[in-house]
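The structure appears below as structure tokens.
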Amino acid sequence: MDFFFQLLAQLEDTLPDVHRHSLNTAKLALKAGKYMRLDAAALESLVTAAFLHDVGKLRIAPAVLHKPGQLAAAEWQEMVKHPRYSLEMLAGLRPPERLAAGVLYHHEWWNGEGYFGLRGAGIPPVARLLALCDSWDAMTSPRVYQPTKTRQEARQELERMRGRQFDPALVPLFLRMLQEEQSRTPAESLSDASEWLARCFQMYRNFHNPVVYAASLLIDDLVLCDVVAQCAITR
């Protein structure tokens with residue numbers, strides 16, 4: 001897994017915004033995969049794909065990648081190559097089929113209007129779920145080309161694009177997962193994340209496994225939120 005972390009380090013050094021998005025997407029993918037009871041192999045493919053789905057953007061010209069507003073036709077043709085670039089860069093991991101499919105097809109649309117024209121059940125399941133996680137973070141995080149959406153606005157967008165961009169069966173499950181997560185207290189969330197980290201280590205027996213790494217990042221987030229909340233209380 002050293003190669004996995006090398007790719008993430010490249011992203012962090014060169015494209016810190018893409019690196020941040022990749023971590024966010026992986027944490028969300030872990031939550032979604034856990035909620036949907038994926039088996040260990042499928043969960044590992046999903047989370048690894050989430051971490052590395054945009055690593056191919058390292059090969060995209062910065063002027064294209066960071067351009068505010070709409071891309072010109074030639075620029076767009078370059079941008080849509082990034083899933084292929086990502087898959088090429090994953091060669092050192094010898095990605096299993098599900099992992100490769102998630103990386104390559106995460107921009108497919110349910111109605112066939114995505115990058116490669118796959119549609120409906122023809123889109124690999126890991127790519128359908130990754131598309132939701134990727135889009136949710138893209139909508140709710142700052143981007144140069146679009147205003148940041150509130151959680152409510154992002155929910156409405158997923159509902160609006162259900163059956164057009166996103167798997168119509170996955171959207172309600174994904175939104176229910178987010179709602180249930182939001183209803184937990186910080187203490188409940190931290191307890192759940194700690195238990196899940198222990199289970200992940202039991203499943204993969206490796207602290208360098210992407211799923212275990214994602215679980216540890218979730219705990220870091222929860223601890224940081226708790227520290228910030230405590231500081232606010234004592235002011």
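In this structure, the side chains of P124 and R98 stay at 4.5 Å or more apart for every pair of heavy atoms. Side-chain contact between L11 and L52 is absent, with no heavy-atom pair separated by less than 4.5 Å. Inter-residue side-chain proximity for M139 and T148 is flagged as unmet; no heavy-atom pair is nearer than 4.5 Å. The shortest distance between side-chain heavy atoms of N206 and V212 does not fall below 4.5 Å. Considering only heavy atoms from C-beta on, E159 comes within 4.5 Å of R162 through its side chain. Proximity of M36 to L43: side-chain heavy atoms (C-beta onward) are nowhere separated by under 4.5 Å.
When each of W109, Y105, W76 is paired with Y115, the ring-ring contact (aromatic ring centres under 6.0 Å, His included) condition holds for W76 and for no other. Checked options T140, D137, D221; the residue passing with N24 is D137 (criterion: side chain to side chain donor-acceptor pair (under 3.5 Å)). Paired with L46 under the rule side chain to side chain contact (heavy atoms under 4.5 Å, CB included), one option of L38, V211, L99, L30 passes, and it is L38.
The pair D54-K57 counts as a salt bridge, with a side-chain nitrogen and a carboxylate oxygen less than 4.0 angstrom apart. E157 and K149 are not joined by a salt bridge, as no carboxylate oxygen comes within less than 4.0 angstrom of a charged side-chain nitrogen. Salt-bridge formation is detected for the pair R59/E88: a Lys NZ or Arg NE/NH1/NH2 atom is positioned less than 4.0 Å from an Asp or Glu carboxylate oxygen. A salt bridge is absent between E108 and R128: the closest approach of a Lys/Arg side-chain nitrogen to an acidic carboxylate oxygen does not fall below 4.0 angstrom. Ion pairing between a basic and an acidic side chain is recognised when a charged N comes within 4.0 Å of a carboxylate O; D192 and K31 show no such pairing.
Remark: aromatic rings of H82 and H53 are distant, center separation not under 6.0 Å. Residues Y213 and F5 bring their aromatic ring centres within 6.0 Å.
Looking at E153, its side chain does come within 3.5 Å of a backbone N or O of T150 through a donor-acceptor pair. With Y204 contributing its side chain and A40 its backbone, the two residues share a donor-acceptor pair below 3.5 Å. Looking only at distances, no side-chain donor or acceptor of S135 sits under 3.5 Å from a matching main-chain atom of L132. Between the side chain of R119 and the main chain of N111, a donor-acceptor pair closer than 3.5 Å is present. At least one donor-acceptor pair closer than 3.5 Å links the side chain of H106 to the backbone N or O of V103.
Between M79 atom CE and L71 atom CG the span is 5.5 Å, to the nearest 0.5 Å. Between the CD atom in E180 and the CZ atom in R184 there is a gap of 7.0 Å [rounded to 0.5 Å]. Taking CD1 from I60 and OH from Y85, the interatomic distance works out to 5.5 Å, rounded to the nearest 0.5 Å. Taking CD of E113 as the reference point, atom NE2 of H107 lies at 15.0 Å (rounded to 0.5 Å). For the atom pair CG of L7 and CG of D2, the computed distance is 11.0 Å after rounding to the nearest 0.5 Å. Between the CD atom of Q77 and the NZ atom of K81 there is a distance of 8.0 Å, given to the nearest 0.5 Å.
Cluster annotation: L129 and L218 are assigned to the same hydrophobic cluster (Ile/Leu/Val/Met/Phe/Trp/Tyr, side-chain heavy-atom contacts under 4.5 Å, transitive). Residues F201 and L197 are members of one and the same hydrophobic cluster, defined by side-chain heavy-atom contacts under 4.5 angstrom among Ile, Leu, Val, Met, Phe, Trp and Tyr. Both L15 and V80 belong to a common hydrophobic cluster when Ile, Leu, Val, Met, Phe, Trp and Tyr are linked at side-chain heavy-atom distances under 4.5 angstrom. Both L90 and V126 are members of a single hydrophobic cluster when ILVMFWY side chains are connected at heavy-atom separations under 4.5 Å.
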L178 and W136: CA distance, side-chain angles, deciding distance, side chain to side chain contact (heavy atoms under 4.5 Å, CB included) verdict
CA-CA 10 Å; L178 292 174; W136 179 267; 3.7 Å; yes
Output, in order, the C-alpha distance, side-chain angles, deciding distance and verdict of side chain to side chain contact (heavy atoms under 4.5 Å, CB included) for Q10 and V55.
CA-CA 8 Å; Q10 277 185 265; V55 72; 5.8 Å; no
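When all heavy atoms of F166 and A131 are compared, the closest pair comes out as CE2-O, 3.8 Å. In this structure, W196 and A215 approach most closely via the heavy-atom pair CD1-CB, 4.4 Å. In this structure, A138 and H21 approach most closely via the heavy-atom pair N-CE1, 4.2 Å. Contact record, P210 with V47: O-CG1, 3.7 Å, taken as the closest heavy-atom pair. When all heavy atoms are compared, the tightest approach of L158 to L175 is CD1-CD2, 3.8 Å. For the pair V223 and L190, the tightest heavy-atom approach, listed with the atom from each and the gap, is CG2-CD1, 4.1 Å.
Checked by atom type, the side-chain pair N209/E44 shows a donor-acceptor distance below 3.5 Å. Counted by atom type alone, Y35 and E181 present zero donor-acceptor pairs between their side chains at under 3.5 Å. Checked by atom type, the side-chain pair H19/D13 shows no donor-acceptor distance below 3.5 Å.
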